[in-house]
Amino acid sequence: MTSPIIIAITGAAGHIAYSLIPRIASGALFGPTQRVALRLIEIEAGMKPLQGVVMELHDSAFHLVESIEITSDPHVGFQGAHWAFLLGSLPRKAGMERKDLLSINGKIFVDQGRAIARHAASDIRVLVLGNPANTNCLIAMKNAPDVPMDRWYAMSRLDEDRARSLLAHRVHSHSRNVTKMAIWGNHSSTLYPDFEHACIDGKPVEEVINDRTWLENDFMTQVQQRGAAIIAARGLSSALSAANAAIETVRSIIEVTAENQWHSVSLCSDGSYGIDPGLISSFPTRSDGKHLSIVPEIPLSAFAKQKIKTTIEELREEKAMVTHLLPQ
Ligand code: NAX
């Protein structure tokens with residue numbers, strides 16, 4: 001057995017963490033033999049429920065869990081961490097727009113970015129879920145200038161998986177048969193689910209679903225609004241599916257991407273496709289198991305370019321609202 005991977009999770013007493021932690025502990029992320037050391041980070045108000053989570057983790061006697069530490073101090077929590085999952089923030093409630101969250105949540109990510117830069121392992125990689133995830137990731141990244149920009153990710157895989165599932169349902173196929181379903185831009189209601197390059201059973205979506213009107217309207221709207229639909233039904237935002245998407249995001253980064261496949265990850269733009277360098281935007285990506293790259297030279301239609309322009313404009317607006325949190 002190799003030495004344990006140290007995993008820091010903020011918002012560890014929250015709903016997503018409750019689904020995420022047992023899956024990490026049981027090997028769904030790093031495999032059935034890789035030991036993990038868990039650093040669970042909460043605010044003071046979350047420490048009591050977090051103690052309950054820890055009791056349950058002990059009661060589960062996970063054989064891969066080497067140690068569990070809890071703390072409300074990010075400087076302790078990120079110590080030596082190889083992976084950080086940043087979940088901790090105020091979740092979006094019914095009627096609340098992502099932009100309302102910016103001012104509340106942005107400051108959390110300044111402190112966490114600084115703590116990661118000071119204390120994490122030299123190979124730290126960070127996945128941000130806490131909304132607005134792309135801009136929070138940008139804030140944390142900018143406050144950790146010593147951590148290379150290619151180590152910062154925000155989650156858009158849940159949007160990809162929602163889109164794959166919707167397409168599969170429409171033609172009575174299975175989501176595992178839906179490939180190359182890219183999400184572009186922001187994890188928000190402006191995201192662009194690129195059905196023009198996705199395939200079902202290896203055939204272009206538009207060949208299988210001969211209904212462009214549905215794809216441009218109902219399909220896109222359902223993907224964009226799925227988070228709100230879950231909140232309306234559950235009274236809480238997505239947790240089980242978000243935890244699953246977090247696992248799948250990391251696996252898509254550390255494992256070699258299958259032939260004829262790509263996955264959606266929000267990462268720091270290098271200017272590809274005209275998207276402002278430095279913005280954290282979702283792109284179709286592929287991994288060689290070590291490096292994650294933006295899939296190059298995808299021909300984009302005028303329709304796609306327009307949709308991407310809209311979502312990138314939102315990312316620019318969000319960035320403009322938090323410039324005071326972004327050291328130059
Ligand atoms: P919960 O409210 O259940 O849990 C959040 C936890 O974070 C709470 O226990 C809170 O005490 C803790 N927290 C707050 N500030 C903290 C800080 N500074 N340090 C450490 N912990 C802190 O929310 P949950 O349902 O778990 O969602 C977590 C975040 O994920 C939310 O921002 C939510 O909007 C976001 N989501 C992101 C998704 C994505 O695809 N990127 C999808 C699901 C989800 O909506």
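Both counts, for ligands and for their atoms, begin at 1 and track the order of listing.
The contact set between ligand 1 and Met155, taken as ligand atoms under 4.0 Å from a residue heavy atom, comprises 39 (C), 40 (O), 41 (N). Contact atoms of ligand 1 toward Ser237: 25 (O), 45 (O) (distance under 4.0 Å to a heavy atom of the residue). Close approach of ligand 1 to Leu87 is summarised as follows: ligand atoms under 4.0 Å from at least one heavy atom of the residue are 28 (C), 29 (C). Listed by number with element, the atoms of ligand 1 under 4.0 Å from a non-hydrogen atom of Ile108 are 15 (N), 18 (N).
Salt-bridge annotation for Lys48 and Glu42: absent, with no side-chain N of the basic residue lying under 4.0 Å from a carboxylate O of the acidic one. Electrostatic pairing of Asp276 and Lys319 does not count as a salt bridge here, judged by no charged N lying under 4.0 Å from a carboxylate O.
Put simply, the side chain of Arg251 never gets that close to the backbone of Leu29: no donor and acceptor are under 3.5 Å apart. Between the side chain of Asn143 and the backbone N or O of Ile139, at least one donor-acceptor pair lies under 3.5 Å. For Asn134 (side chain) and His187 (main-chain N/O), a donor-acceptor pair under 3.5 Å exists by modelled atom type.
Within the 4.0 Å heavy-atom cutoff, Gly46 does not count among the residues contacting ligand 1. At least one heavy atom of Gln112 sits closer than 4.0 Å to an atom of ligand 1. Not a single heavy atom of Ala45 sits less than 4.0 Å from an atom of ligand 1. Ligand 1 has Leu90 within reach: a non-hydrogen atom of the residue lies less than 4.0 Å from it.
Close N/O approach between Asp159 and ligand 1 is not found [any backbone or side-chain N/O within under 3.5 Å]. In terms of N/O distances under 3.5 Å, ligand 1 is approached by Ile16. Ligand 1 has no nitrogen or oxygen under 3.5 angstrom from a nitrogen or oxygen of Gly88. For ligand 1, the polar-atom distance check finds no N/O of Ser238 at less than 3.5 Å from any of the ligand's N/O atoms. Below 3.5 Å of separation, one finds an N or O of His15 facing an N or O of ligand 1.
Here Leu158 has side-chain heavy atoms under 4.0 Å from ligand 1, and that is the only part of it that gets that close.
Donor-acceptor pairing under 3.5 Å is recorded for the side chains of Ser156 and Ser266.
Between Tyr192 and Phe303, the ring-plane angle classifies as perpendicular under the 30° and 60° cut-offs. Note on ring orientation: taking the six-membered ring where Trp is involved, the planes of His119 and His75 are perpendicular (angle over 60°, cut-offs 30° and 60°).
In this structure, Ile275 and Trp184 have side chains that are in contact, with non-hydrogen atoms separated by less than 4.5 Å.
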